Each structure stands twice: as C-alpha cells, then as structure tokens.
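The block underneath contains the structure these notes are about, expressed in structure tokens.
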Amino acid sequence: MSAPSVENVVIIGTGCAGLTAAIYTGRANLSPLVLEGPLPGGQLTTTSEVENFPGFAHGVDGFQLMQNLREQATRFGTRFEQALVDRVDFTSHPRQLFAGDRVILARAVIIATGASPRMTGIPGEKELYGGKGVTTCATCDGAFYRKMDVAVIGGGDSAAEEALFLTRFASRVYLVHRRETLRASKIMADRVTRHEKITCVWDSLPVAVEGVAEGAVSGLRVRNVKSGTEQVLPVKGIFVAIGHLPNTGPFAPPLDLDEQGYFKPASGSAVRTHIPGVYVAGDCADHVYRQAITAAGMGCAAAIEAERWLAGHGD
Ligand code: NAP
C-alpha cells in the first residue's frame, strides 16, 4: 500500500470555526482537507433561526447558514472527507492523525471539533433517548410533538430557544429550570416568560423519565429543590438543553485542557497551542463566548496562523 500523501492543512470539524478556517486557507491556495465528523455542519444545523450573526438583518436559518459556508469553502478548493479522528501523534513532522485504521498526514492542523450536548444522567433518559421521546434537538424532532405536551430541561439560551420553537407544535411546553431566574439573555428570557404556551417550572430538578417499561416517554418526574416535593409532568417529549461538553478527548494528551475539558491555548493567543503548526478554534476551545460568530472569528485566526506558519516551516 502506498504511503498517504501529506496535506498542507487538515481541518477537523465542519462547524462555523472549521468552515471559516477552510474558506481562509482555501483562499490562501492551501487546498485544505476538512474532516467531517458525526454532525456535519455542527451545532448550528440543529438551531432554527439565528438572529445574531452579523450581516443577516432579518436572521438566517442555521442549516442554511452552514450550507452557505460549505459552498463558500468548496468554491476555494476545500475537500471534504468523512473521518472520525480518534488519536493523534504530534511528536514528528508531518503531524499524524488516526481515524480507525487510516492515517492522515498534515503539515498544519486546525482542530475545530466543537462540543456535544450534555445529558442529565437521570434514570430513563438513556433508555428513551432518540425516537422514544428524549431528544436534544427541537429543530430536528419538534414536529413529532404536534398537539402534545413537552418539557424542556435547562435555563440558558438553548433551553429558551428550544422552548420557543416547540410552541409552534406542542400544546404546552414546560420549562424545567433548577433556579428561579433564567441564565438566558434578557430578550429570550422575556419571550419565554411571556409566552402563553410556556409554563416555567422553577427551582426544579429532573429526577426520572417515566415510561421505560412502555418504551416511550409518559412523563418527567421533577423535584422542587426548595420544598422537596415531587410531581410528574404529563409530557410525551423531553428536550434536554443543559449545555455542551467539548469534543477534545482524542487530542489530550498531547494538547492541554482546562478544568472543564476545553482546549487551553498557549498563553497570549486564543488559537495557538504549545505544538507548532497545531491550532484550535471554536467551541472546543472557548467556554466563555460560545457564539457562532466568535467560533467563525477563531477559525479565521487559526487559518491565518496556519498560513503564516506554513510559509516559514511547511516543508
Ligand atoms: P448554558 O448557558 O451553559 O446553560 C445551561 C443551562 O442548563 C443552565 O441554565 C444550567 O443551570 C442548566 N443546567 C446545567 N446542568 C444541569 C443539570 N445537570 N440539570 C439541570 N439543569 C442543568 O448553555 P446553553 O444554553 O447551551 O448556551 C451555551 C452558549 O451558547 C451561551 O453562551 C449562550 O448564550 C449561547 N447560545 C446563544 C443562542 C442565541 O443567541 N441565539 C442560542 C443558544 C445558545 P444554571 O443556570 O443554574 O447554571
């Protein structure tokens, strides 16, 4: 078998950060190879309307935005391949990425692997996940719950967005939050608390998903953290929206992680790592801002860094 060819730059991930890095390295004539993981297009493909991405005065559909970025990257010579990197060796040049039996060689690497939905871990959640009533994506699954009652777990912008989206279909949306104030931005929080179809269940933690024996969700048991009383919300769908976990496992070590598992860039830079020619971008390296536009900005910065590094050390 012939040895794999050496890529100029391999970008891991197809979210906002990865595709922006592809546009920039593509326009620099580096012919980037983008490795596509389990969620092509990243988190925005599971969002409905994106209202805060600059340049779209009337908002843009998340899926459409990612399609546009992909087309733009393709136009400048980006190649896409499916591969789930499970291990790396950054001790030699070129850098080595392993995806099962496959080895990919790269002079420069940009890791933009994003973050995956966090789950509550309560009984019944795993058993009834996917098609049986527990999900993490209202955009994907909301339409299955027409004229039914559903619950959203969480109090951040994701939970608020999911709850508002679900009002298009569901009869009632219970928003279950462990405190009595939402973490979501004020504009989203106001929309949620004012919506006639949304009932906020404050100070409440989910305890169990009911319906395991029947193979379908029949309710969500919640406990009020102040009074200790429990109740079962009579819902057929449960949307978990309690944040995300960064997809950094295959790269650490050798890369450094912070205490929450996000990449810790080298000091003085948001995207450089302690390994020359290896960069990080987007939600896998940012637990502060976590916005589509900041991820895109990091993708741009990582691409410029990679381009400059290759100009001096690429051979
Ligand atoms: P987040 O802001 O981290 O919120 C997570 C929510 O889940 C919090 O309310 C948290 O409660 C709750 N939670 C965490 N663990 C829990 C558990 N085990 N059981 C019950 N509840 C739990 O995450 P996010 O909403 O996904 O947002 C992430 C970032 O993306 C944020 O910066 C957000 O602004 C941004 N975002 C923006 C938009 C938009 O602008 N359109 C949309 C979505 C997300 P506590 O509040 O008590 O900690």
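Indexing begins at 1, ligand by ligand and atom by atom, following the structure's order. Keep in mind that what you see is a predicted model, and the values were worked out from it rather than measured.
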In terms of side-chain heavy atoms, does Thr14 have a donor or acceptor partner in Arg70 at a distance below 3.5 Å? no

With sequence neighbours left out, write down each residue that passes side-chain contact (heavy atoms from CB on, under 4.5 Å) with Ala159, or none if nothing qualifies. Val152, Leu175, Ala241

Find the distance between CZ (Arg290) and NE2 (His244) and round it off to the nearest 0.5 Å. 9.0 Å

N/O separation below 3.5 Å, Gly155 to ligand 1: yes

Below 3.5 angstrom, do we get any N/O pair linking Arg118 and ligand 1? no

Which heavy atom in Arg102 sits nearest to a heavy atom in Gln82, and how many Å separate them? NH1-O, 4.0 Å

Under 4.0 Å from ligand 1, counting heavy atoms only, is it the side chain of Arg178, its backbone, both or neither? side chain

In terms of the angle between their ring planes, are Trp309 and His93 parallel, tilted or perpendicular, with boundaries placed at 30° and 60°? parallel

What atoms in ligand 1 come closer than 4.0 Å to a heavy atom of His177? 9 (O), 11 (O), 45 (P), 46 (O), 47 (O)

Looking only at non-hydrogen atoms, which of Asp157, Val50, Thr120 approaches atom 36 (N) of ligand 1 most closely? Asp157

What do we get for Met188 next to ligand 1 when only non-hydrogen atoms under 4.0 Å count, side chain, backbone, both or neither? neither

The side-chain contact (heavy atoms from CB on, under 4.5 Å) partners of Phe169 (sequence neighbours excluded) come to Ala143, Arg146, Phe165

Short question: side chain of Lys197, backbone of Thr167 - any donor-acceptor pair under 3.5 Å? yes

Subset of ligand 1 atoms that lie under 4.0 Å from at least one heavy atom of His244: 26 (O)

For Arg179, the ligand 1 atoms whose distance to one of its heavy atoms is below 4.0 Å: 45 (P), 46 (O), 47 (O)

Nearest-option assignment for atom 28 (C) of ligand 1, heavy atoms, candidates Glu161, Glu51, Arg290: Arg290

Out of all atoms in ligand 1, which are within 4.0 Å of some heavy atom of Tyr289? Include the element for each. 32 (O)

